[in-house]
Amino acid sequence: MDRFLIVFRGEGIAEAEEPEDEAQVWDGWFHALGSALVDRGALSYGSVEVSSRLVGAKASSSALSGYAIIAAADFDDAVRIVRTCPIFDEKGAVEIAHLRQAASTR
C-alpha cells in the first residue's frame, strides 16, 4: 500500500464556532477509515501564506482546512476512500498527493 496526503480545502471557521455535531461527523469519518488511516493529521482554523523569505505572512487564499494521511493501492483507491469525506458536505474539496518513500540513510 502507498501513502497519500489528503489536503482538505474549504471555508475556515473560528475554533469557537465549530459545532459539536460537526466534530462528531469528522470523528466518525476518521474512525470509519479503519486501517486506511495512517495519520489523522489535524483540521485547521486558518492559515497564512509566505511567498518569499523577504516578504511577511499574509492571509492565505487557499482555504487550507487540514490534512490526513491514508494508505491506498493507487490514486483511484485513494479517491474512493475520500469520497465520503465530510468536507464535501461543507462545500469544500480535497487535494490528494501521492507520497514517495523517503530515501533510507545509513
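- A continuous path of Ile, Leu, Val, Met, Phe, Trp and Tyr side chains, each step under 4.5 Å between heavy atoms, connects Val79 with Phe8, placing both in one hydrophobic cluster.
- Distance check: Ile81 CD1 to Asp76 CG gives 11.0 Å after rounding to the nearest 0.5 Å.
- Phe4 and His98 have parallel rings, their planes meeting at less than 30° on a 0 to 90° scale where 60° marks the start of perpendicular.
- The distance from atom CG of Asp39 to atom CD1 of Ile70, rounded to the nearest 0.5 Å, is 12.0 Å.
- Of all heavy-atom pairs between Ser44 and Gly66, the closest is OG-N, 3.6 Å.
- Residues Cys85 and Val94 come closest through the heavy atom pair SG-CG1, 4.4 Å.
- Closest heavy-atom contact between Arg40 and Ala68: O-CB, 3.6 Å.
- Taken from CD1 in Ile6 to CG in Leu99, the straight-line distance is 8.5 Å, to the nearest 0.5 Å.
- Closest of all the heavy-atom pairs between Arg9 and Ser65 is C-OG, 3.7 Å.
- Using cut-offs of 30° and 60° for the angle between ring planes, the Trp29 and Trp26 rings count as perpendicular.
- Side-chain heavy atoms closer than 4.5 Å link hydrophobic residues (I, L, V, M, F, W, Y) into clusters, and following such links, possibly through other members, connects Ile96 to Phe88.
- Rounding to the nearest 0.5 angstrom, the gap separating the CG atom in Asp2 from the CZ atom in Arg100 is 13.0 Å.
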